[in-house]
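Following: one structure in structure tokens, then a few remarks.
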Amino acid sequence: MRNHTPVTTFILVGLTDDPQLQILLFIFLLITYMLSAVGNLTIIILTLVDSHLKTAMYYFLQNFSFLEISFTSACVPRFLYNIATGDRTITYNACISQLFFTDLFAIVEFFLLATMSYDRYVAICKPLHYMTIMNPLVCKKLISGCWIITLLLLIPPLGYGLTLEFCDSEIDYVVCDANPLLKISCSDTEVIEKMVLFCSSFMLLVTLLFVVWSYGSIIRTILRFPSAQQKKKAFSTCSSHLIVVSITYGSCIFIYIKPSAKDEMATNKVASVFLTSISPMLNPFIYTLRNKQVKNAFKDFVKPLHCSQAIKSMVVKHAANSSLLYLVPL
């Protein structure tokens, strides 16, 4: 039998030890997190209350915004706490929970992006059958499928990972992630590394190929449109989703491009911060700034608030004028 003490607490190294950079990083992460939460929550509210946003596209967008909030909430608040308090420790259970939820929400996002590309394919290539094909029941089944496939991919390697033993407690990363954890394990990690590689490759390749196929079909259909106005309108309906797909896949691919062994972890840390903070913050603005329906829904949602505020101001002004009448001498 080996003399081995189980590791119950890890230490997250983080991005930097410079106090001034930590302050800037804390402010940056706090602002991006708040903007991401407010922006995505606004999209969820608008798609729930506005009758014009009840189509399949906005149903998927509502779920995507929920995933963005959940993903950033699984990563950023803990990182902010570590910077603010200087306490970089995290318990084993908390670390495994963070690993599970960040991977869960991230993988579901990739499958959802592929589903959204299929929605755009049906809308442009089969417009007359769009409402029939993308009916509410089909949309719910597609969302459920994204979660089920993700769990089937995630649970086997995570379950095997719970049996690992660790020789070190220092995780050279900003959050609990699979690769940094495997590096400090003293168990044989060959099997789980192959499982992680297979699951991540399967997820990335399947979703990316589906997105490429969908947009390949979309582009061929658009090029056959007779007028330039029709082409422009069709491209505009896909542009927001295409930008989000490019940012998400680009960030993910950048993490796996390793310039050198020395710079590998530092590069991955910066890319991870971008993926967990900037990307979720940009997505709501990308969808709203390029979408007239969402902008109109926001104006309709805000208009009653302005009206009620104006009515309150008039009532207060009227009450003030009425009270002055009693102060005027007869």
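Because only heavy atoms are used, hydrogens play no part in the values below, and waters and symmetry mates are left out as well, while side chains stay in.
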Throw together a table of side-chain donor-acceptor distances under 3.5 angstrom for residues 206-213, partners on residues two or more places apart or in other chains.
residue : atom : partner : partner atom : Å
T207    : OG1  : M203    : O            : 2.6
T207    : OG1  : L204    : O            : 3.2
T207    : OG1  : Y249    : OH           : 2.7

Verify the ring-centre separation between F101 and F71: is it less than 6.0 angstrom? no
Ring centres under 6.0 angstrom apart (H241, Y215):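 Yes.
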Are [Y] and [X] linked, directly or through intermediate hydrophobic residues, by side-chain heavy-atom contacts shorter than 4.5 Å (ILVMFWY only)?
| X | Y | answer |
| --- | --- | --- |
| F64 | F66 | yes |
| I45 | V38 | no |
| L35 | F26 | yes |
| I23 | L21 | no |
| L182 | F10 | yes |

Looking only at atom types and distance, does a side-chain atom of [X] sit under 3.5 Å from a main-chain N or O of [Y], one as donor and one as acceptor?
| X | Y | value |
| --- | --- | --- |
| D103 | F100 | no |
| Q62 | I44 | no |
| T248 | V245 | no |
| K54 | L48 | yes |
| S36 | T32 | no |
| S201 | F198 | no |
| S185 | E165 | yes |

Side-chain polar contacts of residues 188-195 - donor-acceptor pairs under 3.5 angstrom, sequence neighbours left out - could you list them?
residue : atom : partner : partner atom : Å
D188    : OD1  : E190    : N            : 3.3
T189    : OG1  : E193    : OE2          : 3.1
E190    : OE2  : K194    : NZ           : 3.3

Looking at residues at least two apart in the chain, or sitting in another chain, which of them share a side chain to side chain contact (heavy atoms under 4.5 Å, CB included) with L282? I247, I278, I286
Enumerate, atom names and distances included, each donor-acceptor pair closer than 3.5 Å involving a side-chain atom of residues 74-84, sequence neighbours excluded.
residue : atom : partner : partner atom : Å
R78     : NH2  : T89     : O            : 2.4
N82     : ND2  : R78     : O            : 3.4

May I have the list of side-chain donor-acceptor pairs in residues 105-127 shorter than 3.5 Å, sequence neighbours left out?
residue : atom : partner : partner atom : Å
T115    : OG1  : F111    : O            : 2.9
S117    : OG   : A114    : O            : 2.5
D119    : OD1  : Y130    : OH           : 2.6

List the steps, then state whether side-chain contact (heavy atoms from CB on, under 4.5 Å) holds for C238 with I218. CA-CA 9 Å; C238 302; I218 288 170; 4.1 Å; yes
Salt bridge between K183 and D177, side-chain N to carboxylate O under 4.0 Å? no
Should Q230 and S227 be marked as a side-chain contact (heavy atoms from CB on, under 4.5 Å) after you check the CA-CA gap, both sets of side-chain angles, and the distance that decides it? CA-CA 5 Å; Q230 286 179 314; S227 68; 3.1 Å; yes
Throw together a table of side-chain donor-acceptor distances under 3.5 angstrom for residues 138-152, partners on residues two or more places apart or in other chains.
residue : atom : partner : partner atom : Å
S144    : OG   : K140    : O            : 2.9
T150    : OG1  : C146    : O            : 2.7

Given the rule in the side-chain contact (heavy atoms from CB on, under 4.5 Å) test, do L162 and I96 qualify, once you have shown the distances and angles that lead to the verdict? CA-CA 8 Å; L162 294 175; I96 297 301; 3.8 Å; yes
